[in-house]
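What follows is a short report on a single structure.
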Amino acid sequence: MEDTHVKYRQLTLLILLLILAGSVVGIMVPAGSGWDFGNFYDTGRRVVAGQIQDIYHAERLIGGEPPHGKMRFWGTPISAWLYAPLGYLSPPWALIAFKIQNTLAYFIALGLLYFHNRRFVGNPYSPTFDKIQYELAQARFAAIFAFLSLIYQPFWTVYRVGGQTTPTLFLLFTLALLSHTNLQLFLSALFLILACLIKPSFITALIFLTCISGLRFFGYVVAIFSLIGLVSLSTMGWNLHKEFLILMGEGTRKLSPWFYNSSLYVTLDNFKIFLQPQSDSPSRSVVFTLCLFGLKAIVVGTFIYLIIQSRSQKWFPTARRHFDFLMAVSFSLLISQVVFEHYLAPLFLLLIYVVASHRAFSLRVMTLIGLIFLLAVGQNLILIDFLRTHFQWDSPVELLLTGLFKSGPLLLTLIFLWKYAGELFQSYATQAWANYIRSGRRIFLSLTL
């Protein structure tokens, strides 16, 4: 037994070293300088140059010099100030600094998630408690957690694009999850709002959670948003915010093919992008529209059902708030029209909870979760670029297969929530959630007090 425990610890250490080594390589290799990094770096340069009114005009000169990249900035006006430090650095050093920040954000978030989810592994308060078996289960979970973190490609694709704000969003979502679970609703609202300021496409998660979390949470959201909005409007003016709203409107109508998109709707987008030009038939557009709204109606209906059914469950308040938060994040991903590979990072919050609580789930559920992790490996941007450039994917069958491949993680997540909701509910009625209260070990609170 002791040998098995040692082997798990050694395996965990080996995987952590692989993650660290891969992160160092990702930081040092100057990949992605002309990709996503460019728009964040140029935004920082515009702030430093006093051209904050130009942040939504990627083509304009910055201090008389050409921009580094060509991509548009999609953050809120006030979030542009976050990138000012990059504007003081040369492109090579800014690229390294940005990737280091991404790495630290992921490491902190994953560390917090590990300590949070290990509470659902074993039962130290059981009358038949076996310390050796408990420690073995903990060691096994540490190895599994490290391994799943290593292979979950939505985390690591950010290095290929020169860094992204998704790691920061993932950290903020993790902090919000811990805050919300522990009834720190002001902090939960604050972290979620900060995340939405950085990536407005996740505003649906905040709206969803606000609708089901009571008046207190609603009041915090309104107060924080009002204060930030007042500061933003008074310092940057209405015209810049008007440009932002126009840009968001354009984004909601944007179609994205499979090699840029992992949303639940990418298969429909594939057919509309590649086959629609072959015919101007209005009936075809109507069919696409009906299919899109039909699929979104299924998503909305699924979550309405989940929330209504959850309210009849006799859970501890902490368990209910945890469930509500995971549903808000899942809804945001499943309802979004465009989901870039790295946008799937927050889905890890739900997946790792199921893994940690595996005793409450059947073999079929755990197989389904395993398939989600397997398909998430296919979100590797290098692999997608290779497939895109070396093969033609333009026949109806190929468009269907590529769409299902890229949407696979979210499609299987929807199937899990729809078909196995009962098992998910049961996981929140286990002794682990009683232990969560009984132990009094509030990891997040101990870090913030």
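Along the sequence shown, residues carry numbers from 1.
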Checklist entry - Roughly how far, to the nearest 0.5 Å, is the CD1 atom of Ile198 from the CG atom of Leu169? => result 7.0 Å
Item to check | Beyond-backbone contact of Tyr428 with Ser310, side-chain heavy atoms, under 4.5 angstrom | outcome: no
Item to check | Heavy-atom check, side chain of Ser262 versus side chain of Lys406, under 4.5 Å | outcome: yes
Checklist entry - Would you say the side chains of Gln379 and Thr157 form a donor-acceptor pair under 3.5 Å? => result no
Checklist entry - Should we count OH of Tyr420 as having more than 12 external heavy atoms under 6.0 Å? => result yes
Checklist entry - Are the side chain of Gln164 and the backbone N or O of Asp36 linked by a donor-acceptor pair below 3.5 Å? => result no
Checklist entry - Are side-chain heavy atoms of Arg160 and Asn380 found at a separation under 4.5 Å? => result no
Checklist entry - Run the ring-ring contact (aromatic ring centres under 6.0 Å, His included) check on Phe425 and Phe323 step by step: do they pass? => result CA-CA 9 Å; Phe425 291 162; Phe323 171 83; 5.7 Å; yes
Next on the checklist: Any side-chain to backbone donor/acceptor pair from Tyr343 onto Asn261? Under 3.5 Å, distance only.
Outcome noted: no
Item to check | Under-4.0 Å salt bridge between Asp42 and Lys70 | outcome: no
Checklist entry - Taking the six-membered ring for Trp, are Phe170 and His342 ring centroids under 6.0 Å apart? => result no
Next on the checklist: Is it the case that over 12 heavy atoms from other parts of the model lie below 6.0 angstrom from the CE atom of Met28?
Outcome noted: no
Next on the checklist: Please check if the number of heavy atoms outside Trp315 that lie under 6.0 Å from its CH2 is greater than 12.
Outcome noted: yes
Checklist outcome for this item: The reported gap from OG1 in Thr168 to CD1 in Ile108 (rounded to nearest 0.5 angstrom) is 10.0 Å
Item to check | 4.5 Å side-chain heavy-atom contact, Phe120 and Asn117 | outcome: yes
Item to check | Residue pair Thr267 / Leu399, side-chain heavy-atom distance below 4.5 Å | outcome: no
Checklist entry - Can you check whether Phe416 reaches Leu412 side chain to side chain, under 4.5 Å on heavy atoms? => result no
Checklist entry - Rounded to the nearest 0.5 Å, what separation is found between the CG atom of Leu178 and the CZ atom of Phe115? => result 12.5 Å
Checklist entry - Among Ile352, Val377, Leu110, Leu347, whose side-chain contact (heavy atoms from CB on, under 4.5 Å) with Tyr152 holds? => result Leu347
Checklist outcome for this item: Thr210 meets the side-chain contact (heavy atoms from CB on, under 4.5 Å) criterion, sequence neighbours left out, with Leu206, Phe217, Phe218, Val221
Checklist entry - Can you list the steps and then say if Ser427 with Tyr353 is a side chain to side chain contact (heavy atoms under 4.5 Å, CB included)? => result CA-CA 10 Å; Ser427 74; Tyr353 167 73; 2.9 Å; yes
Next on the checklist: Could you tell me if the side chain of Tyr265 sits less than 4.5 Å from the side chain of Val339, heavy atoms only?
Outcome noted: no
Next on the checklist: Which residues pass the ring-ring contact (aromatic ring centres under 6.0 Å, His included) test with Tyr260, not counting sequence neighbours?
Outcome noted: none
Item to check | Spacing of CH2 belonging to Trp418 relative to OH belonging to Tyr305, to within rounding of 0.5 Å | outcome: 10.0 Å
Next on the checklist: Here's a test for you: under side-chain contact (heavy atoms from CB on, under 4.5 Å), which of Leu326, Leu306, Val365, Leu417 qualifies with Leu424?
Outcome noted: Leu417
Checklist entry - Do the ring planes of Tyr114 and Phe141 sit parallel (below 30°), tilted (30 to 60°) or perpendicular (above 60°)? => result parallel
Item to check | From Phe361 atom CZ to Gln426 atom CD, the distance as rounded to the nearest 0.5 Å | outcome: 9.5 Å
Next on the checklist: For a quick check under 3.5 Å, do Ser188 and Ser179 share a side-chain donor-acceptor pair by atom type?
Outcome noted: no
Checklist entry - Which atoms form the tightest heavy-atom contact between His116 and Arg119, and what is the distance? => result O-CG, 3.3 Å
Checklist entry - When you look at Phe73 and Arg46, which way does the side chain to side chain contact (heavy atoms under 4.5 Å, CB included) test go after all the steps? => result CA-CA 11 Å; Phe73 178 63; Arg46 289 188 170 95; over 6 Å; no
Checklist outcome for this item: To the nearest 0.5 Å, atom NE2 of His322 lies from atom CE of Met327 at 9.5 Å
Next on the checklist: Is the shortest side-chain heavy-atom distance between Trp433 and Ser357 below 4.5 Å?
Outcome noted: no
